[in-house]
Amino acid sequence: MKSISIKRLLALAGILLFAPAVGVYAAETKIEGVLFANYGLYTSDYKADNTLAYDYNTFDVGRVYVTASTKYSPNIASKIVLEGNSTTAGNAIFLKNAFLQWKDDTGELTIEGGMPGTLWISPEEGVWKYRFVEKVQTDLEGVLQSADKGIKVIYKLPKGFGTAEGMLANGEGYKTLETADWRKKNTKDGQLRLGLTPFKNKDFSISAGYLGSFGLGRVRERFMGGAAYQGKKFSLGASAFKSVDYSTFSLTVAPTGKSGYSIYGNVPLSESLSAFARFDWLDNSFLKSKNYDKKTLQIYGFARELAKDVKVALTERITTQGQAVVERRHQHITSVDLFAKF
């Protein structure tokens, strides 16, 4: 009995002695999130798939992100993001990001492991500025995944010349399990991105990216490039991509692929009002037998900041898409889009 009491006293003493040291490095957790909501009305008689629109209109919660960020020390942090939306039946909630982050003392080198964001989409969203209106082209067309399971390394180049980034990931994205290639081997996707601000005017940047498989057999390849100017009077960005997908089980099946480009800009009209526009061109197939399968997307709108971290946009979308026998009719959607950060 006496032995047990001594052990308890020693344990309590250890806790009391250790508590001040723990307090110095106590974890700091911050909970925040983002809400995307919209009302959309088809103003065209038909949808892009040639079905009648019948004045289809809908209220939607396009995205809700709830983020928990924890800082354990000056060098170590973690981030977890849950995402939900009402655009599909079931009102699904799923894990979007979950990773541990380490930074060196200079802040030049960052390593993230778990389910971090991928390399290309987030930087382009920063130039486009209107993710709550529409995804960037590579995300919208399913060419790239916005997050994946793996490890990511970011290195800040000297003198603010940009960043060099690399990532090794499953390749199937954050919603799908790893699959095997045609040789029954599990491959991994390697991603590279170089973002440069090479001139004295740091408002101008250029970037290039590549995604390809590590391992036996090729599963997919992606080539991306972009340029952007982000000044006080206006911002303008452009990006282009080419994607190739190979059969995961046979060498005799011809690869498929697509390519496209996107041009977008934003002009502040006052402290709280901005005008924006975007044009996407997409070739859904590089096969000559499907040279009709092309698509354009035009987005025009005005955005107003109602309060800090609250924005509303009035948007017009025009979609055209080719078809083998008859050309599909143009699709027009007018929407009111809401962004709120909490």
Side-chain angles (χ1 to χ4, degrees), residues 27-37 60-88 90-104 107 109-156 163-179 188-193 195 207 209 211 214 220 222 224 309 339-342:
E28 302 173 6
T29 300
K30 181 167 66 173
I31 307 295
E32 56 187 355
V34 178
L35 166 68
F36 299 165
D60 282 311
V61 176
R63 289 289 186 276
V64 174
Y65 299 101
V66 178
T67 303
S69 302
T70 302
K71 188 174 183 180
Y72 303 100
S73 75
N75 305 92
I76 301 175
S78 67
K79 186 174 183 179
I80 296 174
V81 180
L82 295 178
E83 178 178 337
N85 66 73
S86 67
T87 57
T88 57
N91 198 12
I93 297 176
F94 54 87
L95 185 65
K96 180 64 178 287
N97 296 113
F99 59 87
L100 187 68
Q101 180 190 81
W102 174 84
K103 288 186 177 182
D104 70 351
L109 180 64
T110 301
I111 300 175
E112 296 175 355
M115 194 189 296
T118 51
L119 306 184
W120 187 263
I121 291 175
S122 182
E124 188 174 6
E125 286 179 345
V127 181
W128 160 229
K129 302 183 189 302
Y130 294 99
R131 170 64 183 83
F132 70 101
V133 172
E134 189 55 88
K135 301 176 182 179
V136 295
Q137 187 184 39
T138 50
D139 193 6
L140 177 64
E141 303 300 339
V143 175
L144 296 174
Q145 299 287 340
S146 57
D148 207 341
K149 304 161 192 171
I151 186 168
K152 179 169 74 173
V153 178
I154 304 170
Y155 176 68
K156 292 183 179 179
T163 60
E165 305 171 43
M167 185 171 181
L168 185 65
N170 283 349
E172 281 72 24
Y174 55 92
K175 287 186 178 181
T176 308
L177 298 177
E178 173 74 294
T179 58
K188 294 290 180 285
D189 273 7
Q191 302 179 32
L192 297 172
R193 181 182 181 274
S207 56
L211 182 151
F214 276 78
R220 60 195 143 251
R222 306 287 187 264
M224 297 80 67
D309 296 328
F339 167 92
K341 186 177 180 181
F342 55 90

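Since the model is a prediction, treat every value here as computed from it, not as a measurement.
- Counting non-hydrogen atoms of other residues, nucleotides and ligands closer than 6.0 Å to NZ of K96 gives a total above 12.
- Annotation: side chain of L144 is in contact with side chain of L211 (closest heavy-atom distance under 4.5 Å).
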Could you go step by step and tell me if D189 and R220 meet the side chain to side chain contact (heavy atoms under 4.5 Å, CB included) rule? CA-CA 8 Å; D189 273 7; R220 60 195 143 251; 2.8 Å; yes
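- The number of heavy-atom neighbours closer than 6.0 Å to CG of L140, taken from other residues, nucleotides and ligands shown, is above 12.
- With R222 contributing its side chain and V143 its backbone, the two residues share a donor-acceptor pair below 3.5 Å.
- The main-chain N or O of M115 is found under 3.5 Å from a side-chain atom of N97 such that the two form a donor-acceptor pair.
- Nearest heavy-atom pair, K149 versus T176, reported as atom, atom and distance to 0.1 Å: NZ-O, 3.6 Å.
- A donor-acceptor pair under 3.5 Å links the side-chain atoms of N75 to the main chain of K103, judged by distance alone.
- Summarising the geometry of G117 relative to M167, their closest heavy-atom pair is O-SD, 3.9 Å, with the distance given to 0.1 Å.
- Atom CG of residue D104 and atom CD1 of residue I111 lie 8.5 Å apart, to the nearest 0.5 angstrom.
- Between L100 and Y72, the shortest heavy-atom contact is CD1-CE1, 4.1 Å.
- Residues F342 and V34 come closest through the heavy atom pair CE2-N, 3.5 Å.
- Contact of the K79 side chain with the T67 side chain is registered, since non-hydrogen atoms from C-beta on lie closer than 4.5 Å.
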Decide yes or no on salt bridge (charged side-chain N to carboxylate O under 4.0 Å, His left out) for E165 and K152, but give the supporting numbers first. CA-CA 7 Å; E165 305 171 43; K152 179 169 74 173; 5.5 Å; no
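- When side chains are defined from C-beta on, S207 does not count as touching E124, because their heavy atoms never get closer than 4.5 Å.
- Looking only at side-chain heavy atoms (C-beta outward), L109 and V153 come within less than 4.5 Å of each other.
- Note that CD of E112 and CD of Q101 are 4.5 Å apart. Values are rounded to the nearest 0.5 Å.
- In this structure, S78 and F99 have side chains that are not in contact, with every pair of non-hydrogen atoms separated by 4.5 Å or more.
- A donor-acceptor pair under 3.5 Å links the side-chain atoms of T118 to the main chain of Q145, judged by distance alone.
- Judged by distance alone, with hydrogens and angles left aside, the side-chain atoms of W128 form a donor-acceptor pair with the main-chain N or O of E134 at under 3.5 Å.
- Between E172 and K188, no side-chain nitrogen of the basic residue sits less than 4.0 Å from a carboxylate oxygen of the acidic one, so the salt-bridge criterion is not met.
- With a 4.5 Å cut-off on side-chain heavy atoms, T138 and I121 count as touching.
- When atom types are taken as modelled, the side chain of N170 and the backbone of E178 share no donor-acceptor pair closer than 3.5 angstrom.
- For the atom pair CZ (R63) and CG (L35), the distance works out to 12.0 Å, reported to the nearest 0.5 Å.
- Side-chain contact check for Y65 versus F36: some heavy-atom pair is nearer than 4.5 Å.
- Taking 4.5 Å as the limit, every side-chain heavy atom of L177 sits out of range of all side-chain heavy atoms of T179.
- Residues Y174 and S146 share a closest heavy-atom pair of CE2-OG, 3.6 Å.
- For the pair L119 and R193, the tightest heavy-atom approach, listed with the atom from each and the gap, is O-CD, 3.1 Å.
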